[in-house]
Amino acid sequence: MVKLDGKLVASEVKSRVKAEVSELTKKYGRPPGLSVVLVGDDPASKVYVKNKEKAADFVGIKGMVHRLPETASQEEVAAIVDQLNGDDTVDAILVQLPLPKHLNEEELLDRILPSKDADGLHPVSVGAAFSNRWAPLPCTPHGVIEMLKYYDVGLEGKRAVVVGRSQIVGKPMAMLLLNENATVTICHSRTKDLKQELLRAEVIVAAAGKPELITKDMVTPGTVVVDVGIHRKGDGKLCGDVAAEVGEVASMLSPVPGGVGPMTIAMLLQNTLDLFRNSNIN
Ligand code: NAD
């Protein structure tokens, strides 16, 4: 079984981005700017934001974190987004999710200018990507495609099954697989017989958010399996949506941690670079 090593592929992507950032910084006289809006004290979000800051710094992107207290109002967060929209040194904006419950997430994400949409979640970006036009792509599914390409997994004509239909992972994942000419099935919480759907798959992308949902008996030998899920178990260790025993039958499997996670951050840097390039061309 081949391990789909996200750390390795992410470091290749980062090196590529770093070289281009250095060249374009000289050309345009300033580095790309990525601003992250972090509201509240969610411990996982704090770690994710720290990692994004570190990665941006590594490739020469100017990362800025705008921290607001848990009690921040909709108007206060909106004012920060508006300020960043109007700042010419900011090329990419990301509002870290989840937001505190009292805030309207959709309204805040829609407020980000599509030309600064670091996460590719704005409806304009989603629509453009669905119409096969250029758009920043949602980082996690984009990272999965990048990883599969690195390992030469030919997707054309393959039966691919995506487990999950969220706006952030499942749906865009299915679209990107379709763009690669795979034959795509989307499974979700109301799917009647998940095992039957999975057994037909040649490529599985698991993003159900359910620890170790997919077991060995649900996977045909030789299948390529990508595990997007990330969960902390009772013993403190991390696991994905795919049980470790699937490694006994899969031809390729992404580990958790060290699989899709590092790819997500690498693709955020790629999106920031692309938006920077666009803003200087337009
Ligand atoms: P979500 O909860 O928004 O969506 C989960 C989806 O799975 C839903 O569409 C639901 O219909 C489906 N689902 C739930 N139970 C199912 C079942 N038993 N059978 C089939 N489908 C089922 O979650 P999300 O935001 O898409 O994230 C999914 C997982 O990926 C989570 O574990 C999350 O932490 C992880 N994640 C990881 C990264 C990363 O960078 N590694 C990024 C984003 C999300």
Side-chain angles (χ1 to χ4, degrees), residues 3-11 13-14 36 42-52 54-55 94-99 101 105-106 109 118-121 126 136-148 160-177 184-201 204-215 217-219 225-233 237-243 246 253-271:
K3 176 172 98 166
L4 296 170
D5 188 344
K7 263 197 202 154
L8 171 78
V9 188
S11 83
V13 173
K14 283 193 266 185
V36 178
D42 180 65
S45 292
K46 279 184 171 169
V47 174
Y48 291 145
V49 169
K50 187 127 223 82
N51 289 341
K52 286 169 187 174
K54 246 170 56 187
L94 180 159
V95 173
Q96 183 65 39
L97 302 178
L99 287 168
K101 293 262 178 305
E105 193 169 292
E106 202 172 276
L109 291 183
D119 257 344
L121 298 177
V126 175
L137 299 174
C139 301
T140 301
H142 191 187
V144 171
I145 294 286
E146 188 77 19
M147 188 159 76
L148 292 174
V161 175
V162 178
V163 188
R165 58 172 164 184
S166 73
Q167 222 45 41
I168 298 177
V169 189
K171 275 190 207 169
M173 187 72 250
M175 175 195 68
L176 295 183
L177 288 164
V184 185
T185 302
I186 307 176
C187 294
H188 47 80
S189 51
R190 313 276 171 91
T191 296
K192 283 221 173 78
D193 191 343
L194 179 64
K195 180 175 175 178
Q196 188 196 16
E197 300 295 341
L198 289 176
L199 282 172
R200 296 180 60 243
I204 294 172
V205 180
K210 295 277 180 285
E212 297 169 336
L213 171 74
I214 298 173
T215 46
D217 58 309
M218 301 164 95
V219 178
V225 183
V226 179
D227 192 353
V228 178
I230 181 149
H231 315 276
R232 197 166 288 282
K233 293 203 279 194
K237 291 200 178 127
L238 293 177
C239 75
D241 287 358
V242 177
V246 170
L253 175 64
S254 69
V256 178
V260 174
M263 291 305 301
T264 299
I265 294 190
M267 301 327 285
L268 172 68
L269 303 175
Q270 177 76 60
N271 278 354

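One-based numbering along the sequence shown. Just so you know, ligand 1 is whichever comes first in the structure, and atom 1 is the first atom listed for that ligand. Every value quoted in this text rests on a predicted model; they were computed, and no experiment measured them.
Note that the NZ atom of K14 and the CE atom of M267 stand 12.0 Å from one another [nearest 0.5 Å]. In this structure, the separation between CD on Q96 and NZ on K46 is 12.5 Å, given to the nearest 0.5 Å. Remark: C139 SG to I265 CD1 distance equals 9.5 Å, nearest 0.5 Å. The distance from atom CD1 of I214 to atom NZ of K195, rounded to the nearest 0.5 Å, is 13.0 Å. In this structure, H142 NE2 and M147 CE are separated by 13.0 Å, a value rounded to the nearest 0.5 Å. With rounding to the nearest 0.5 angstrom, the CG atom of L268 is 6.0 Å from the NZ atom of K52.
No part of T191 comes within 4.0 Å of ligand 1, judged by heavy-atom distances. Residue H231 touches ligand 1 through its side chain alone, judged by heavy-atom distances below 4.0 Å.
Not a single heavy atom of I168 lies less than 4.0 angstrom from ligand 1. At least one heavy atom of A207 sits less than 4.0 Å from an atom of ligand 1.
The two residues V219 and L199 make their nearest non-hydrogen contact at N-CD2, 3.8 Å. Of all heavy-atom pairs spanning P211 and D241, the tightest one is N-OD1, 4.3 Å.
Distances from atom 38 (C) of ligand 1 to the heavy atoms of V228, I265, I214, L97 show the closest one on V228. Heavy-atom proximity to atom 33 (C) of ligand 1, evaluated over I230, L194, V260, is greatest for I230. Selection from C239, A208, G164 by nearest heavy atom to atom 5 (C) of ligand 1 gives A208. For atom 27 (O) of ligand 1, the nearest non-hydrogen atom from the set I186, V169, V162, T264 belongs to V169. Residue nearest to atom 25 (O) of ligand 1, selected from S166, P172, P262: S166 (by heavy-atom distance).
Nearest to atom 42 (C) of ligand 1 among the protein's heavy atoms is T140 OG1, 3.2 Å. Nearest to atom 21 (N) of ligand 1 among the protein's heavy atoms is H188 C, 3.0 Å. Nearest protein heavy-atom contact of atom 11 (O) of ligand 1 is S189 N, 3.0 Å. Nearest protein heavy-atom contact of atom 18 (N) of ligand 1 is L213 CD1, 3.8 Å. For atom 9 (O) of ligand 1, the closest non-hydrogen atom of the protein is R165 N, 2.9 Å. In terms of protein heavy-atom proximity, atom 31 (C) of ligand 1 is closest to G209 CA, 3.6 Å.
A distance-only check finds a donor-acceptor pair linking the side chain of N271 to the backbone of A118 [under 3.5 Å].
Close contacts of ligand 1 with G229, meaning ligand atoms under 4.0 Å from a residue heavy atom, involve 29 (C), 30 (O), 32 (O), 35 (C). Proximity to G261 (heavy-atom distance under 4.0 Å) selects the following atoms of ligand 1: 40 (O), 41 (N). Close contacts between ligand 1 and V163 involve ligand atoms 20 (C), 21 (N) [criterion: under 4.0 Å to a heavy atom].
Exactly one residue among L253, I204, L148 makes a side chain to side chain contact (heavy atoms under 4.5 Å, CB included) with V226. That residue is L148. Partner of L176 under the side chain to side chain contact (heavy atoms under 4.5 Å, CB included) criterion, out of V205, V184, L137: L137 alone.
Between E197 and K192 no salt bridge is recorded (no basic side-chain N to carboxylate O distance below 4.0 Å).
Put simply, atom 2 (O) of ligand 1 has no protein non-hydrogen atoms near it, under 4.0 Å away.
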